[in-house]
S.K.: 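Next up is a structure, given as structure tokens.
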Amino acid sequence: MEEQARSCLLTLRPILEQDIKASYLMDHMVSDGVLTVDEEQKIRSRPTRREQAAALLELILSKCNRAYISFYNALIRESYGDLASSLQGSLPLTSPEGEKSFADGGTPYVHAVLREGGVPQRPVVFVSRPTQLNRIREKLYKLKDAAGGWVTVHGMAGSGKSVLAAEAVRHEALIKDCFPGGVHWLSVGQVDKVGLLVKVQSLCFRLEQVQDCQESRRPPGSVEEAKERLRFLMIRRYPRSLLILDDVWDSAVLRAFDIQCRILLTTRDRSLADSVSGQKFEVLVESELEEEKALDILALFVNQKQRLPEQARSIVQECKGSPLVVSLIGALLREFPDRWDYYLSLLRRRQFKRIRKSSSYDYEALDQAMAASIQVLQDEHRELYKDLTVLEKDVKIPAKVLSVLWDLETEEVEDVLQEFVNKSLLFRDCNQRPYLYYLHDLQVDFLLEQNRSSIQELHAKVVRQYQQHYSEGPPTSRDVACLYWMRYLPYHMSHANLTQELCSLMFSLEWVRVKAEIMGPAHLINDYVEYGPILDKENSSVRGDFQEFLSLNGHQLDRRPLPDLVQLGLSQPSCSEVYRQALLQAQGRTKNGALYLDWTNQRRLENVSRLVVQPQQGSIYYACFSQDGHKVASCGSGSTVQVFKTTSGEKILQLEKAHEDEVLCCAFSPDDKFLATCSSDRKVKIWNAQRGSLIRVFEEEHEEQVNHCQFTNTRRRILLATCSNDHFMNTKLWNVNKPSSQNTMFGHTEAVNHCCFSPDDTYLSTSSSDGTVKLWEVSLANEWKSIDVLSFFPDLREVMVKCSAWSADGKRIICAAKNAVFVFDVETADWLSEIRTSSLSTVQFCDTCPNSQLVALALSHYTVELWDFTDVKKVADLSGHLSWVHCVRFSPDGSLVLSSSEDQTVRLWETKGVHLSSAASLKRDCHVIFNQDDITVVAADNRNQVQVLNGKTGEVMFQSESQESRIRCTCLCQDPLAAVLGCEDGAVKVMEVPSGKLLCSLSGHTKTVLHCQFSTDGQTLITSSEDATIRVWKWRSGECLVLQGHTEQVRKFFLLEETSPARILSWSFDGTAKVWDMTSGEKMQDMACHSQAVLSCDVSPDGRMFSTVSADKTAKVWSCESWACLHVLNGHQDCARSCRFSWDSKSLATGDDNGEIRLWSTLDGSLLRVFSSHGDKDSMDCHVCVGLGDCHVLTLRPPALEHDPGLHCGSSAPMVSVCSSRAVLNTYSHLTLLQASRGLDHNAAFATSGSLHCSDRNALRITEARRSEGGISAWFWSAVPSRGSPLRRSTNETARSLIEARLRLPSSPLFTAQGAGALVSAGCGLAWWDLNTGEALQTFYTTGTNLKGLHVSGDFKTYITIDNIGILYVLKTVE
């Protein structure tokens, strides 16, 4: 051996001895002829793994350069790439042909590419089949210049398809010429849709990791989303690569990979490729090896390159040439090379009779070979091998799992598994570390049959060993072993018939938390469906509770970090087992300082579905109403089409085997005489809708799967439109009475996913994967308009438009793509508006109501949403499905909505009934009064009425008549108890509660009243308006002062009642701030603050400064004495909307639309700190309120936090005497809360705590915060008595207004810890987090989103808000 190579080995010897497993490497070195079998056995005889490694290295050092090269190659093949790279620089120059130094003939380039793509390595015993390999490579070369295509390698089980596929790409010229983007391997096997999703998720993750993509994000939540993600990766990031799909069984699975890329697949069914689009080539793998090849395999196993004994040919004949069976016999002969006659006699005498009477495989000798291989194992190892019976097909497991099962050290387990591998009883995947082990399907079948009587006990053993090993709780390591237990523990329990254990596991909130965090919600939901019949035997009610919990919160469980499952559980109905467990855990954790909130007015949502039907087994892809609305037709992943009654779900008609493949769509004709269906089998069929007889089949013209079909809406001229995955002739019009299509529309360059006629049948819209929606003239089949939807996604190169729908008047077209719905004008094709759903979801389908402005959206996160597409407002959430919702349709009269789902159900909902209850109809603009234990809420509802509710029970105390003008703001007066409402027509009304008597009607404003507020004594009412005026009313007498001076609308104002005289501070979009004498109406100060709109103001607690922020991206600090500008604060990169002084007036926090919060020194204007909240932002605008302060609540009825422009923040509640007991102070949280407003993302409020200090003001200060439209407001309470002086009662001291805010924060909770400072946010939910430590305190996810306000009780234990679908939340901290 060359000196350089020897020195390198000696230098690395300690590392090599510690890391390598000699038994793995020696197999390769023996095959290379570098080691003899005797040398291998001598090394194996060493007692420990490290001693074996040391002996191997000692032996290599005594040999020539070939030993070094062989050792280097073995390291690479066994995935010791890091160690091999250390040896590479010292490779001897005498290596055979340099680049071809690998035992399998591959080069370092080839090995690197294949290892990166997860391609299996060549088996230890391998015989080349050049004819077969050349055929496969010839077909692969035909994909060289193709954008996409398929090479199908098909043959019987055990014929070596996988080995040949891997070997075919182990060719440098092929990779460099055809697939320089890489080769990526995915083992598919027999999987359901959930299993398929997991496999595609793992492939996407691997591709993103290799590319180190910035787009790497949460796993796709549905197969459709995963397909789109994979499509993007393969086309844009790996444009010249090859995807190998190994062992595909189902055409439905294969269609998930129909993404216009180049694919090699291995399968037993050659017809699978008929279901996908693109060029197709086939290679048949011979089921039997040629005799000479089979003999070569035996020769390699026994290391006998000379003439084999004559019994060898007879053995090959008995094995029928099966590569798998020949390998099994060869492995036995390697152990016992003198047993040729013995094994031949076993095969001939059929001593090991077939246990199965029938088999899907044609290998008569398999059982005999398997049984013989097992028989030669040691007794204890034979029992261990028997335990592998419990493994599912196509499942690879690490040694760590088996170490739990066998109660052995991992190293001992690896030694046992190596013996199984050596005897071809087990296969090892060396592409991953740690190594994974698996059985061939044939071996699994054999074990199942051989151990049929003990299967239940074998599964029970797995469960017992798991429980013993993980007695402290389930594994959370996230390694391969952990993933196995998460995925398959319920499977083992169910097959062991351990019903009690299975129920204990799956009825545990802790198990749900762990599995959701590690694997996401898809597997969890599937578990409750798969094992539902078993769980129902124990307690169907509890199973229903958990399944409902997951169906309603499944999309939340996709978030990272994972939301607090205990808090999510507290949002369940109080009768739910999930709620019971969550409450017990919350009560225990609150003792340690945790924060949890109980939804006290929670009841089961009233928008439950009217009817749930399970028409067939399998996913329901599509369902539709008949024209009379009395029937519903459904179709899906099976080949069955069913028609049932709308009222009862009773089956009327069932078409068995309507198609040869999945039925993708069905449609009634306008006269209900015909039912059309289309399928993945590329056929369109017309049926008699009453009798179910087949009338006509259109099967010649579409060359790819037909995605959608729809009849015209009128009977004037009945036509059928169909669209398909064909690249050009993908949209056709048919006359059902003629055998061929009437017209074909040309224009789309990719698959057309959906088509629908305009209400009058003049036009046809088509939605395509090329990112466009096209409108066609039906009479001429000419393209009329084309809308480029892709342009609305500037960061993407490809967008699939899922579907489109026409408004009832035919003047607007609505289309869905990704998580958005767009509304366009039909005549001009101009964009009008858009609806953005959560970034965690995908819009699968949309449909418009035929008699209103509603659009229904089917979403991938298991819900249906109803939106008003004119006002762009969500009006209802329809929850209940347990999986992806594929379709949603309105009935012809608009009274019903149906939805079909992956969960095998069709649900029917009453359109109006889903959002009629008072709890689900309130507007988000509300005012709340806390009075000891009483809570009063006032808000307008969606019928333009004012409701006054008991906040604790949700009961309506008062409801006004519907108002003629839209109500824009409300507030409450306590003495007398009255509700005030401000309207768009400028009117202000005061109504007595609960009688409803009109106390007064105040007129004067000429435009919308934006905000109203009472003075502390309740005698004065102040209002501001879009007419740029502020009015001060003596509302009982009708006297009015008009404060004029602003030139644009006045959204908010502050009441500064502690000053003498009382003043009003107002600000406006005209860029000015003004100070008014509230008694005389005189304008005291007029300041031009900014070049653009002033969006928020705050006054410092010491009364010496106030601050402004503006759309010009600046903040300013002003003197309240000289009214001069003290500091101009530059640095925000977007509109500055929020500002708040700290309690000591030394700091100012400002926030902007870019999600950034800046902390400034008010002494010199310097920047102290930047809090950036960039991250996972949802698509809609959101707003945040920021503030700093040290505050203590000292009132029994403090004003609530509120924010809306029309909400009253004042309170006439008397202050309590704070000198009666210091304990009074300690009963309140030392918090300053600041809250904010609308948007899907969180809005924030700060709260800081501190000790009580006395100041020069012997008074209690209440600070109130407000905000402009779209912003926020909050109350700050502070008690800052004079140092050393006694606290005394103050009855009138209320404070000035505080702040407005609007900045985007992430929709997922930020991490904070409980400490001196806390932050509260409102957006897609409510979030609490700690400013000082950055740890999360809590997040509460509301049913709806887009929260505008939060109201907080004086003791900071009750929080009230209303979401965008009108649900009222009264949240109390759990104690």
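Numbers for residues simply follow the sequence, beginning at 1.
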S.K.: Hey, what's the ring geometry for Y622 with H708, parallel, tilted or perpendicular (30° and 60° as the breaks)?
M.R.: perpendicular
S.K.: Whether the S724 and H702 side chains hold a donor-acceptor pair (N or O, under 3.5 Å, no angle test) is what I'd like checked.
M.R.: yes
S.K.: In terms of heavy-atom contacts, does CZ of R236 have more than 12 from other residues, nucleotides or ligands at under 6.0 Å?
M.R.: yes
S.K.: Per the salt bridge (charged side-chain N to carboxylate O under 4.0 Å, His left out) rule, what does the pair list look like for residues 743-768, sequence neighbours excluded?
M.R.: none
S.K.: Can you confirm if the aromatic rings of Y763 and W776 lie within a centre distance of less than 6.0 Å?
M.R.: no
S.K.: Under a plain distance cut-off of 3.5 Å, with no hydrogens placed, do H748 and N730 share a side-chain donor-acceptor pair?
M.R.: no
S.K.: Just how far is it from atom CG of L866 to atom OG of S852, taken to the nearest 0.5 Å?
M.R.: 9.0 Å
S.K.: Please work out which of the three classes, parallel, tilted or perpendicular, describes the rings of F792 and F822, given edges at 30° and 60°.
M.R.: tilted
S.K.: Measuring from T731:OG1 to N743:CG, what's the distance to the nearest 0.5 Å?
M.R.: 11.5 Å
S.K.: Quick one: do the N944 and Q963 side chains pair a donor with an acceptor below 3.5 Å?
M.R.: no
S.K.: Hey, what do you get for SG (C815) to CZ (F824), rounding to the nearest 0.5 Å?
M.R.: 4.5 Å
S.K.: Enumerate the salt bridge (charged side-chain N to carboxylate O under 4.0 Å, His left out) contacts for residues 864-873, please, sequence neighbours excluded, ordered by first and then second residue.
M.R.: E865-K874
S.K.: Side chains of T749 and H727: is there a donor and an acceptor less than 3.5 Å apart?
M.R.: no
S.K.: Please find out if less than 6.0 Å separates the ring center of F845 from that of H754.
M.R.: yes
S.K.: Indicate the atoms forming the closest heavy-atom contact of R889 with F625, along with that distance.
M.R.: O-CE1, 3.5 Å
S.K.: As an exercise, state the distance from CE of M800 to NZ of K227, rounded to the nearest 0.5 Å.
M.R.: 6.0 Å
S.K.: For T1008 and L1010, indicate whether the former's side chain and the latter's backbone hold a donor-acceptor pair under 3.5 Å.
M.R.: no
S.K.: Is a side-chain donor-acceptor pair under 3.5 Å present for T970 with D925?
M.R.: no
S.K.: So, Q853 and R812: side-chain donor and acceptor under 3.5 Å apart, yes or no?
M.R.: yes
